[in-house]
Amino acid sequence: MNQQAAITVEGLRKRYGDVQAVDGVSFEVASGEFYGILGPNGAGKTTTLEMVEGLRRPDEGRALLLGQPSWPRDKRLLARIGVQLQASAFFEKLTAREQIHTFAELYGVRRADADAMLERVGLTDKAGVRQDQLSGGQEQRLSIACALVHDPELVFLDEPTTGLDPQARRNLWDLLRDIQSEGRTVVLTTHYMDEAETLCDRVAVMDHGRVLRVGPPRELIGELGVDSLEDVFLHLTGREYRG
């Protein structure tokens, strides 16, 4: 294993009945890297991420986070990672401030620091608004703030911009760039090719539970002599990309 790796994934497999959702996935993420797992809906991205995070037990293989196995779950490791799920898991009927204060208390973080994180993601003026009354972009920023409130070294983001309008997506991209610029390792799943090309140092292109190719987006495009990541997918699979 590369001693500089923040994440090492070796031969992950997960089956649901007759469906092989993840089929021998392996990759490595360097410390401080912005790494994308890219592919259409149903490619196996979320299941892969859940096994890497330690939320789901793999049938085969293993994932090491910061040198420690992600499964079985270890409370000491959980304090070093932040997870933003595809479906945000908030407490019912709480305001934005109450939500992030609750997450902060779980990690022993001061409320003043939680309020500072709320300000950082641009939600101070929405602090008294219930989470279910926020816009989609505001709710995603709150979800990311809750994942960052304990200052994790390693951050997982599962399709954070799905369903957002173009302007809200770009605003969130600025926040994600800031997160990584502070030296954190960020792993992002997305089915938006432009998002991966804009944000990621490297991407793993997935389809049908397998990693087809890994590399920096521009290098993959140049290596295959095509114009975009959509064309990379077409070259690797023989079919058009449909996110």
Side-chain angles (χ1 to χ4, degrees), residues 7-29 34-63 65 70-71 83-89 136-137 139-140 143-144 147 155-166 168-169 172-173 176 186-217 220-221 224 226-243:
I7 303 172
T8 300
V9 175
E10 301 172 338
L12 287 183
R13 285 187 167 84
K14 190 69 180 179
R15 177 181 289 276
Y16 299 105
D18 294 332
V19 177
Q20 188 72 52
V22 177
D23 190 9
V25 165
S26 299
F27 59 86
E28 193 168 82
V29 181
F34 201 125
Y35 191 90
I37 302 176
L38 174 65
N41 290 327
K45 303 185 302 295
T46 293
T47 302
T48 296
L49 202 65
E50 288 175 346
M51 289 190 289
V52 173
E53 294 162 345
L55 294 175
R56 195 176 296 276
R57 182 176 185 171
D59 296 336
E60 295 179 34
R62 67 171 185 165
L65 306 182
S70 66
W71 186 275
V83 176
Q84 180 264 332
L85 300 172
Q86 189 175 31
S88 299
E139 190 172 54
Q140 289 295 68
S143 179
I144 292 170
V155 181
F156 295 96
L157 306 168
D158 193 4
E159 301 194 4
T161 66
T162 296
L164 301 186
D165 64 65
R169 286 181 65 215
L172 200 56
W173 288 358
L176 301 184
V186 180
V187 178
L188 167 82
T189 70
T190 182
H191 59 261
Y192 294 124
M193 296 289 191
D194 60 336
E195 184 163 282
E197 192 170 337
T198 299
L199 294 174
C200 298
D201 299 313
R202 287 190 303 146
V203 296
V205 181
M206 283 191 72
D207 193 35
H208 295 304
R210 296 182 178 181
V211 172
L212 306 179
R213 191 69 67 93
V214 175
L220 291 178
I221 291 168
L224 298 177
V226 296
D227 296 324
S228 67
L229 282 177
E230 285 93 341
D231 293 334
V232 169
F233 185 83
L234 174 62
H235 181 94
L236 295 174
T237 66
R239 57 191 175 85
E240 290 188 0
Y241 182 81
R242 298 186 184 278

Considering only heavy atoms from C-beta outward, does the side chain of [X] approach that of [Y] to under 4.5 Å?
{"X": "L220", "Y": "R213", "value": "yes"}
{"X": "L176", "Y": "V186", "value": "no"}
{"X": "F233", "Y": "E240", "value": "no"}
{"X": "M206", "Y": "L212", "value": "no"}
{"X": "P40", "Y": "H191", "value": "no"}
{"X": "V187", "Y": "F34", "value": "no"}
{"X": "V155", "Y": "L157", "value": "yes"}
{"X": "F156", "Y": "L188", "value": "no"}

[X] side, atom [atom1]; [Y] side, atom [atom2] - distance, nearest 0.5 Å:
{"X": "L234", "Y": "D227", "atom1": "CG", "atom2": "CG", "answer": "11.5 Å"}
{"X": "T46", "Y": "M51", "atom1": "OG1", "atom2": "CE", "answer": "11.0 Å"}
{"X": "L49", "Y": "T189", "atom1": "CG", "atom2": "OG1", "answer": "5.5 Å"}
{"X": "E50", "Y": "K14", "atom1": "CD", "atom2": "NZ", "answer": "10.0 Å"}

For [X] and [Y], work out which heavy atoms get closest and say how close.
{"X": "I144", "Y": "P160", "answer": "CD1-CB, 4.5 Å"}
{"X": "C200", "Y": "V203", "answer": "CB-CG1, 3.7 Å"}
{"X": "A204", "Y": "Y35", "answer": "CB-OH, 3.4 Å"}
{"X": "P217", "Y": "D201", "answer": "CD-O, 3.7 Å"}
{"X": "T48", "Y": "L12", "answer": "O-CD1, 4.3 Å"}
{"X": "Y192", "Y": "G163", "answer": "OH-N, 3.7 Å"}

Practice problem: Consider only side-chain N and O atoms of E195 and T161, and report whether a donor and an acceptor are under 3.5 Å apart. | Solution: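 There is such a pair between these side chains.
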
Quiz item: For R57, does the CZ atom have more than 12 heavy-atom neighbours from other residues, nucleotides or ligands under 6.0 Å away?
Solution: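 No, the 6.0 Å shell around CZ holds no more than 12 heavy atoms from other groups.
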
Quiz item: If you count the non-hydrogen atoms of other residues, nucleotides and ligands that lie under 6.0 Å from CZ in R239, is the total more than 12?
Solution: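 More than 12 heavy atoms, drawn from other residues, nucleotides or ligands, come within 6.0 Å of this atom.
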
Under 3.5 Å donor-acceptor, [X] side chain and [Y] backbone:
{"X": "D231", "Y": "V226", "result": "no"}
{"X": "E159", "Y": "T190", "result": "no"}
{"X": "Y241", "Y": "G39", "result": "yes"}
{"X": "S26", "Y": "G11", "result": "yes"}
{"X": "S70", "Y": "E53", "result": "no"}
{"X": "T8", "Y": "E28", "result": "no"}
{"X": "Q20", "Y": "V22", "result": "yes"}

Quiz prompt | Partner set under side-chain hydrogen bond (donor to acceptor under 3.5 Å, both in side chains) for E60, not counting sequence neighbours | solution =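 Here no residue qualifies.
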
Quiz item: When you look at E197 and I221, which way does the side-chain contact (heavy atoms from CB on, under 4.5 Å) test go after all the steps?
Solution: CA-CA 10 Å; E197 192 170 337; I221 291 168; 3.9 Å; yes

Quiz item: When you look at L85 and V83, which way does the side-chain contact (heavy atoms from CB on, under 4.5 Å) test go after all the steps?
Solution: CA-CA 6 Å; L85 300 172; V83 176; 3.6 Å; yes

Quiz item: side-chain contact (heavy atoms from CB on, under 4.5 Å) between V205 and V211: does it pass, once the steps are laid out?
Solution: CA-CA 6 Å; V205 181; V211 172; over 6 Å; no

Quiz item: In terms of side-chain geometry, is the basic nitrogen of R13 or D59 positioned less than 4.0 Å from the acidic oxygen of its partner?
Solution: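 Result for this pair is no, no salt bridge flagged.
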
Practice problem: Take K45 and D207 through the test salt bridge (charged side-chain N to carboxylate O under 4.0 Å, His left out) and record every step on the way to the result. | Solution: CA-CA 9 Å; K45 303 185 302 295; D207 193 35; over 6 Å; no

Quiz item: How would you list, by chain and number, every residue that makes a salt bridge (charged side-chain N to carboxylate O under 4.0 Å, His left out) with D194, sequence neighbours excluded?
Solution: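 Per chain and number, D194 pairs via salt bridge (charged side-chain N to carboxylate O under 4.0 Å, His left out) with R169.
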
